[in-house]
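All values below were derived from every heavy atom in this structure, side-chain atoms included, with hydrogens, water molecules and symmetry-related copies excluded. Remember, it's 1-based here, ligands and their atoms both numbered in the order they're listed. In this text the structure is predicted, and so the values were computed from the model without any measurement.
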Amino acid sequence: MSVTLLAIESSCDETAAAVIQDGNILCNIVASQRIHEKYGGIVPELASRAHQQHIIPVVSQALLQANIQKTDLNAVACTSGPGLLGALLVGVSFSKAFASALNIPVIKVNHMKAHILAHFVDDPKPTFPFICLTVSGGHTQLVIVKSHLDMEVVGETQDDAVGEAFDKTAKLMGLPYPGGPLIDSYAKQGNPLAFPFPTVEMPGYSFSFSGIKTAFMYFLKKNTALDPEFIQKNLPDICASVQHTLIEVLMRKLKRLVADTGITRVAIAGGVSANSGLRKAMEQKRDTDGWDVYIPAFEYCTDNAAMIAVAGYYQYLEKDFADWDLSPEPRLRIGGGL
Ligand code: KG4
Ligand code: ZN
């Protein structure tokens with residue numbers, strides 16, 4: 001008998017639904033929220049309201065595109081955390097109501113584990129164990145992935161996430177939110193060594209990005225005082241230098257973990273894995289050091305429901321169903337020692 005799941009993602013500013021059947025994604029629908037652009041960051045209340053508006057059309061479209069009847073579904077999987085409380089509440093409440101009406105179980109999915117499981121949507125799929133550098137707007141983690149569901153966080157940021165560092169430095173230059181993709185695109189025409197920025201060496205596999213942001217703020221202040229058009233005149237070089245610095249910090253710790261564990265299957269996941277500089281740095285390690293490198297397709301880097309569906313599918317096989325009193329878990333973590 002085949003297993004068919006509906007998956008829902010609503011942790012941040014993307015309302016998404018996907019259908020998975022026997023491990024194969026049948027559709028992957030994402031409704032993005034442009035409303036936050038003019039505020040320079042995500043406004044949680046506006047995100048919740050937009051999820052509320054989008055969720056039913058997105059689910060209807062997913063079922064239609066997958067050519068699936070509601071009664072074909074075996075379970076509903078949804079992101080329970082981490083994320084914004086009000087945003088998560090929409091997806092979790094919808095999933096509970098939908099599953100309960102159909103008398104099928106609901107499965108709660110950890111958004112950060114799901115980012116990693118995006119590598120199991122398409123081929124080639126990594127074999128276990130592998131290392132994953134998970135880099136998004138809210139997280140920067142080094143994870144040892146032992147199986148589809150068993151993952152250990154061995155290092156993470158002690159302050160800002162790297163996506164946040166991209167977005168905040170972009171904002172300081174007057175670029176709109178989210179600034180990460182814009183820095184990436186300007187960086188392509190710039191010199192990464194034009195402006196050196198200091199980095200802090202953190203212990204073990206920990207990261208810190210708040211110092212880079214502060215150093216960048218003083219760098220801009222000093223240079224725009226000398227020349228008010230400094231940013232406009234040097235935008236590609238500034239972007240390339242910031243991106244180079246952030247990627248250096250990520251790659252330094254990643255290389256250390258590979259050396260310490262001897263695991264050379266290495267994946268990247270999360271929104272920042274769309275960054276062309278990071279993708280290039282990973283490809284270089286494949287060419288020079290023989291790493292087996294796994295880079296997700298662009299559509300599976302940023303938030304989507306296909307990754308929630310894959311996580312939900314493996315949890316379904318383990319009969320890992322949630323209780324009906326399931327509620328959002330904004331600070332949900334991946335287990336494991338640091
Ligand atoms: O995973 P994601 O979609 O949402 C969270 O769970 O946070 O990640 C969003 C983050 C934002 O900070 C955004 O600026 C960053 O990913 N991002 C990028 C790129 N594309 C998205 N950062 C750098 N370069 C990119 N090409
Ligand atoms: Zn995410």
Side-chain angles (χ1 to χ4, degrees), residues 7-16 28 30-34 36-37 40-42 44 47 51 78-84 87-88 91 109-119 132-141 143 156-157 160-173 175-188 190 192 209 212-213 239-250 267-282 295-308 310-311 330-334:
I8 309 281
E9 156 63 31
S10 75
S11 64
C12 195
D13 60 342
E14 247 88 41
T15 318
N28 182 35
V30 183
S32 298
Q33 302 177 4
R34 307 290 305 268
H36 308 286
E37 278 171 20
I42 292 168
H51 283 305
C78 66
T79 303
S80 68
L84 300 169
L88 291 164
V109 171
N110 180 315
H111 180 86
M112 298 314 294
K113 281 189 169 181
H115 265 303
I116 296 171
L117 292 174
H119 285 285
C132 189
L133 171 70
T134 312
V135 276
S136 73
H139 293 82
T140 304
Q141 294 181 327
V143 184
E156 64 187 336
T157 183
D160 292 350
V162 65
E164 214 175 337
F166 269 104
D167 297 339
K168 285 180 176 172
T169 49
K171 193 173 176 181
L172 288 169
M173 290 186 282
L175 299 175
Y177 179 86
L182 293 168
I183 289 190
D184 189 359
S185 88
Y186 285 116
K188 286 180 183 139
F209 292 102
I212 299 173
K213 179 194 63 193
C239 289
S241 302
V242 167
Q243 180 168 300
H244 174 75
T245 307
L246 295 174
I247 291 168
E248 274 289 302
V249 172
L250 294 173
I268 52 173
V272 182
S273 62
N275 182 269
S276 55
L278 179 58
R279 294 165 92 92
K280 210 175 283 166
M282 291 290 288
I295 299 173
F298 282 112
E299 63 191 301
Y300 304 128
C301 289
T302 44
D303 291 347
N304 64 86
M307 66 186 198
I308 308 301
V310 172
R331 297 192 173 276
L332 184 64
R333 293 177 51 80
I334 296 179

Query raised in the report: Near Pro178, which atoms of ligand 1 are under 4.0 Å from a heavy atom of that residue?
Result: 14 (O)
Query - Side-chain heavy atoms of Gln243 within contact of Phe166, under 4.5 Å - result: yes
Query raised in the report: Within the structure, does His115 bring an N/O atom to less than 3.5 angstrom of an N/O atom in ligand 1?
Result: yes
Report task. Tell me, please, which residues at least two apart from His36 pass side chain to side chain donor-acceptor pair (under 3.5 Å). Result -> Gln33
Requested in this report: Record the part of His111 in heavy-atom contact with ligand 1 below 4.0 Å; permitted values are side chain, backbone, both and neither.
Outcome: side chain
Query raised in the report: Is it the case that more than 12 heavy atoms not belonging to Tyr177 sit under 6.0 Å from its OH atom?
Result: yes
Report task. Could you tell me whether a side-chain N or O of Asp184 sits under 3.5 Å from a main-chain N or O of Ser276, the two making a donor and an acceptor? Result -> yes
Report summary line: ligand 1 to Gly137, heavy atom cutoff 4.0 Å, flagged ligand atoms 5 (C), 7 (O), 8 (O), 9 (C), 10 (C), 12 (O)
Requested in this report: Return a yes/no value for Ser276: is any of its N or O atoms, backbone included, closer than 3.5 angstrom to an N or O of ligand 1?
Outcome: no
Requested in this report: Could you say whether the N/O atoms of Asn275 and ligand 1 ever approach to under 3.5 Å?
Outcome: yes
Query raised in the report: Does Gly179 reach ligand 1 with a nitrogen or oxygen that is under 3.5 Å from one of the ligand's nitrogen or oxygen atoms?
Result: no
Query raised in the report: Quick one: does Gly163 get an N or O within less than 3.5 Å of an N or O on ligand 1?
Result: yes
Query raised in the report: Of all the atoms in ligand 1, which lie at a distance below 4.0 Å from a heavy atom belonging to Gly138?
Result: 7 (O)
Query raised in the report: Tell me: protein heavy atom nearest atom 12 (O) of ligand 1, and distance?
Result: Asp167 OD2, 2.6 Å
**Report entry** Main-chain N/O of Ser32 paired with Asp13 side-chain donor or acceptor, under 3.5 Å
**Finding:** no
Query raised in the report: Roughly how far apart are Ile183 CD1 and Ser241 OG, rounded to 0.5 Å?
Result: 11.0 Å
Query raised in the report: Residues in side chain to side chain contact (heavy atoms under 4.5 Å, CB included) with Ala311, at least two apart?
Result: Val109, Ala114, Leu117, Gln315
Query - Residue-ligand contact Cys12/ligand 1, heavy atom below 4.0 Å - result: no
Query raised in the report: For Glu299 and Asn304, which heavy atoms make the closest approach, and how far apart are they?
Result: O-ND2, 3.7 Å
Review item, side-chain donor-acceptor pairs of residues 132-140, under 3.5 Å, at least two apart:
residue : atom : partner : partner atom : Å
Ser136  : OG   : Gly138  : N            : 3.2
Ser136  : OG   : His139  : N            : 3.2
Thr140  : OG1  : Val162  : N            : 2.8

Query raised in the report: Which residue from Gly271, Gly277, Ala274 reaches closest to atom 1 (O) of ligand 1 through any of its heavy atoms?
Result: Gly271
Query - For Thr302, the ligand 1 atoms whose distance to one of its heavy atoms is below 4.0 Å - result: 3 (O)
Query raised in the report: Can you tell me if Arg333 uses its side chain to pair, donor with acceptor, with the backbone of Pro82 under 3.5 Å?
Result: no
Report task. May I ask you to test the Ile268-Pro296 pair for a side-chain heavy-atom distance under 4.5 Å? Result -> yes
Query raised in the report: What is the number of protein N/O/S atoms located under 2.8 Å from the Zn ion (ligand 2)?
Result: 3
Query - Spacing of CG belonging to Leu88 relative to CD belonging to Glu9, to within rounding of 0.5 Å - result: 8.0 Å
